[in-house]
Amino acid sequence: MTGYTMLRNGGAGNGGQPWLLRWSSRIRLTWLSFTLFIILVFFPLIAHYYLTTIDDADDAGKRIFGPRTGNELCEVKHVQDLCRIRESVSEELLQLEAKRQELNSEIAKLNLKIEACKKSIENAKQDLLQLKNVISQTEHSYKELMAQNQPKLSLPIRLLPDKDDVTFPLPKSNRNCRLHNCFDYSRCPLTSGFPVYVYNSDDYPFGSSLDPLIKQAFEATVRTNVYVTENANIACVYIILVGEMQEPVMPKPTELEQQLHSLPYWRTDGHNHLIINLSRKSETQNFLYNISTGRAMIAQSTFYDLQYRPGFDIVVSPLVHAMSEPNFLEIPPQVPVKRKYLFSFQGEKIESLRSSLQEVRSFEEEIEGNAPADYDDRIITTLKAVQDSKLDFVLVEFTCKNQPKASLPTEWALCGERDDRLELLKLSTFALIITPGDTRLVISAGCAMRLFEALEVGAIPVVLGEQVQLPYNDVIRWNEAALIIPKPRITEVHFLLRSISDNDLLAMRRQGRFLWETYFSTSDNVFSTVLAIIRTRIQIPAAPIREETAVEIPHRSGKAAGTDPNMADNGDLDLGPVETEPPYASPKYLRNFTLTAMDIYRNWNSAPGPFHLFPYTPFDPVLPSEAKFLGSGTGFRPIGGGAGGSGKEFQAALGGNVPREQFTVVMLTYEREEVLMNSLERLNGLPYLNKVVVVWNSPKLPSEDLLWPDIGVPIMVVRTEKNSLNNRFLPWDEIETEAILSIDDDAHLRHDEIMFGFRVWREARDRIVGFPGRYHAWDIPHQSWLYNSNYSCELSMVLTGAAFFHKYYAYLYSYVMPQAIRDMVDEYINCEDIAMNFLVSHLTRKPPIKVTSRWTFRCPGCPQALSHDDSHFHERHKCINFFVKVYGYMPLLYTQFRVDSVLFKTRLPHDKTKCFKFI
């Protein structure tokens, strides 16, 4: 402690030397710091001031540190060298920059050439792949032809007969005339096309005696028939109209016979001639009975057994509507099935064989073996007994209130006017037709008239007399539309009529309506049927039905179509080949020259199917590309075998019985170019697409600068004559496939949905297969039909704005369906989809097939369509009720069947009832 104190005070005690030392060292350190500060701060400031002062001097020569000019610097030798180097380097840099720009432009040109070469290589690869596919298909077709041993044959050279045919002896009796001994087949080769020459009746004396209405209707029909030719030298059949004649000016039989034999192409015996005697009245006389007609065929409504030659002559129906079309609105509906009267008959027999109304034989006489020769007496007694029994409402009158129409002996004359008879038949379920008591009279104009009127208003004919030859009996199965009962069974008629079920009654009534519309209703139908019977008998194929010629609108294409991710996002699902499969048309119908009359008759008239109940004659022209759909379908031979399998094998091939097939998209549009282009682009990459037919429904052509997308298949833009929704279903000649996908220009469907619908249609080719479903309902308060588009588990229609159907229905819709329906579609600019559903359901008696749970197909953001208008649904209500009147009944059928893929899930609002789903 003491030492420490001393140490602290020791400095003071020794004179303060240590303290001085410390002080002096501090002074030196401070001075040194101040000196360094002066040197480091003030000296640069002074130097900077000095330098700037010198540079600001007026005398340029005194500037030492200021900037100098180039010449002054170049005065120095080494500075001059540096200047030359700088100039040289600048020039070299400019040259290098120019070369760089030139090389860049060359590189850009080469890049363009490279891209063009790449595109050419890709196109060449695609062309090579398509060529390989074409070669593969050709080889496959060649192998098929070789396996079938059926090489394609060219048509034989047609041999024309000599102008003066060599005559051959007549048969012993004109009654023995048949095709094999009275018809010259050499004039009718298979490839002739069945040319028919029609004489002009005005060129002959009997022409002035013809009924004006019949002659005018006949001439109008001849002008539009496809088989009629003006070249008589190549004709197969020669036709002359000789009746109906007006009695005051009717020529004598001998005069008419001489005039017939003097026809320029009669050739002594009249072979290959057809004499037509049409009747417009029930009292038409059979004036050809006493005339020698040689080998000429006869077509008329009245025949005696000694005159009629089965398989040679033709029983025709009366020509009631000579110059007028039937009014469908006046035809009664086919339902309800049962009407007020069970059956009805009105008539009076002017001359009987053995008895009159007052002298009626009893049934006991027949039991004792004394059967009456005239069954009409027994018929009268039986029918009166049924009427008096009051078991059923029946109406039978055997005496006319007014003067009866003229008739042949033993024939039941018609009573009253035609309108009165039709009103009674509209109230009758069955219409009795009693054949003449003289069995030698196989058919009369009066019986044919009764048959015509019964079929017209839907009364099922009941013909009493099995010996009768009904019109066109060799090609029509009358037992499907009428009851033909022997007269001795008159006591069983009441029981028989009561035993027929409602379903059978409706079927017979529909078939009768079909027969009337097809063969009886107009002069064109009568004449076409007569020609078709002859052509069918000599086994000449029908002329192909005409197709609608597509007038293409030129358009520019080339814009690469984009791929909508919503359309192409199929996951790992392979929907089929795209672009590698070239357009492949459906096989043509090649069985025409091998079809016999029985084949046609069986396939069209008797075979159960879609053509059984529709007014389309079995002898009409055969469609050019409907091999699988016509008849039994044996005309199409499957190409290859089914792919089978599952997973990728199933996805990559259609398989089935027709493993190679494509479809055509038909798209209707009207001045919505942007919407149309978007819809077309969505079809890019769609498998099995043959082509797209755009039906341009506007009189205004597309914009000239409009660039159409390139979707890998041809796009045909078709110009129409007028704005009509019926244009959607025209059978365009550009449609080469059986399958048609009818789609609106604003429809929004995914590729997998379309392919699924196509696969389903291939399993039900005779039905409409589509996406949005609708149904019809009965409005009880208003007693009418309604159109309903609400969500439902039951449907009866599929909208054709997104649906598959067979091209065959396009022919029927455009050429066969009643014109009144197409006119209403044009009037409302609506209902064409309903009309197509009515047509197919009427043909097939099957409902359409709905696929997937989709209820609408409109694209989001598209302009509003006509269906959003309030009047749209009111018009569709009217359309349904009008179509029912035209068809005579409601052909639509309900179904709860829906086809879903396992890839689809049903999504319905939580407040909607869930539907059963068939997978």
Side-chain angles (χ1 to χ4, degrees), residues 321 324-333 513 517 521-522 524 548 614-615 666-672 695-700 718-732 742-746 768 772 774-777 779 782-789 796-801 803 805 809-843 863-892:
H321 301 287
S324 62
E325 294 289 334
N327 189 351
F328 290 99
L329 298 181
E330 296 180 357
I331 300 175
R513 174 74 173 269
E517 291 181 352
S521 58
T522 64
D524 183 67
E548 202 71 22
F614 192 77
V666 176
M667 186 178 295
L668 188 72
T669 186
Y670 186 91
E671 296 183 4
R672 296 200 297 181
V695 181
W696 191 264
N697 222 22
S698 170
K700 180 182 177 182
V718 178
R719 185 175 185 176
T720 58
E721 296 181 357
K722 64 177 183 178
N723 177 21
S724 172
L725 294 180
N726 293 315
N727 296 332
R728 178 196 298 273
F729 302 123
L730 285 173
W732 302 105
S742 174
I743 191 170
D744 287 343
D745 57 0
D746 57 354
I768 299 178
R774 301 292 186 265
Y775 66 96
H776 67 288
D779 184 7
H782 298 88
Q783 293 294 297
S784 62
W785 294 101
L786 296 177
Y787 171 84
N788 202 313
S789 63
S796 59
M797 292 174 282
V798 166
L799 301 187
T800 55
F805 63 90
Y809 293 125
Y811 294 97
L812 296 182
Y813 184 98
S814 302
Y815 303 143
V816 180
M817 188 180 68
Q819 181 63 36
I821 296 180
R822 293 190 292 272
D823 291 341
M824 190 165 195
V825 171
D826 289 336
E827 178 183 354
Y828 285 145
I829 315 179
N830 199 345
C831 307
E832 86 286 356
D833 47 0
I834 300 178
M836 177 59 81
N837 278 271
F838 266 70
L839 171 67
V840 177
S841 296
H842 176 62
L843 291 173
Q864 283 193 348
L866 295 176
S867 58
H868 291 83
D869 191 358
D870 293 338
S871 63
H872 176 77
F873 287 94
H874 297 288
E875 293 173 350
R876 294 173 84 82
H877 299 329
K878 296 179 181 178
C879 287
I880 286 184
N881 288 280
F882 179 78
F883 296 164
V884 169
K885 290 182 179 179
V886 173
Y887 282 95
Y889 75 111
M890 169 55 75
L892 297 179

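- Here Ile821 contributes atom CD1 and Leu839 contributes atom CG; the two are 8.0 Å apart, rounded to the nearest 0.5 Å.
- Separation of atoms CG (Asn697) and CG (Leu668) is listed at 4.5 Å; rounding is to 0.5 Å.
- Between the side chains of Tyr787 and Glu875, not a single donor N or O lies within less than 3.5 Å of an accepting N or O.
- Taking the six-membered ring for Trp and thresholds of 30 and 60 degrees, Tyr887 and Phe838 have ring planes inclined between 30 and 60 degrees apart.
- Within a 6.0 Å radius of CD in Glu721, other residues, nucleotides and ligands contribute 12 heavy atoms or fewer.
- The SG atom of Cys879 lies 9.5 Å from the CD atom of Glu832; values are rounded to the nearest 0.5 Å.
- Summarising the geometry of Arg728 relative to Val666, their closest heavy-atom pair is O-CG1, 3.8 Å, with the distance given to 0.1 Å.
- Exactly one residue among Asn830, Asn881, Asn788 makes a side chain to side chain donor-acceptor pair (under 3.5 Å) with Arg876. That residue is Asn830.
- Minimum interatomic distance between Tyr815 and Arg822 (heavy atoms only, all atoms of both residues): N-NH1, 4.2 Å.
- Proximity of Trp732 to Val718: side-chain heavy atoms (C-beta onward) are separated by under 4.5 Å at one or more points.
- Under the 4.5 Å side-chain criterion, counting only non-hydrogen atoms from C-beta, Tyr809 is not in contact with Met817.
- Tyr811 is not listed as a side-chain neighbour of Val816, based on a closest heavy-atom distance of 4.5 Å or more.
- For the pair Asn837 (side chain) and Val798 (backbone), a donor-acceptor distance under 3.5 Å is present.
- Between Ile331 and Arg513, some side-chain heavy-atom pair lies under the 4.5 Å cut-off.
- The aromatic rings of His877 and His874 lie perpendicular to each other, with more than 60° between the two planes, well past the 30° mark.
- Ser789 places no side-chain N or O within donor-acceptor distance of the main-chain N or O of Arg774, the cut-off being under 3.5 Å.
- Here the straight-line distance linking atom SG of Cys831 with atom CG of Asp833 works out to 7.0 Å at 0.5 Å rounding.
- Considering every non-hydrogen atom in both Ser841 and Pro891, the closest pair reads CB-O, 3.4 Å.
- In this structure the side chain of Asn726 reaches within 4.5 angstrom of the side chain of Tyr813, judged on heavy atoms.
- Using a cut-off of 4.0 Å between Lys/Arg side-chain N and Asp/Glu carboxylate O, Asp826 and Lys722 are scored as salt-bridged.
- Taking the six-membered ring where tryptophan is involved, the planes of His776 and Trp785 are tilted, since the angle between them lies from 30° to 60°.
- Put simply, the side chain of Leu725 does not reach to within 4.5 Å of the side chain of Tyr828, judged on heavy atoms.
- Interatomic distance, CD1 of Ile829 versus CG of Asn723, reported as 6.0 Å (0.5 Å rounding).
- Annotation: the span from His321 atom NE2 to Thr522 atom OG1 amounts to 9.5 Å, rounded to 0.5 Å.
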Check against side-chain hydrogen bond (donor to acceptor under 3.5 Å, both in side chains), Asp745 and Tyr670: CA-CA 9 Å; Asp745 57 0; Tyr670 186 91; over 6 Å; no

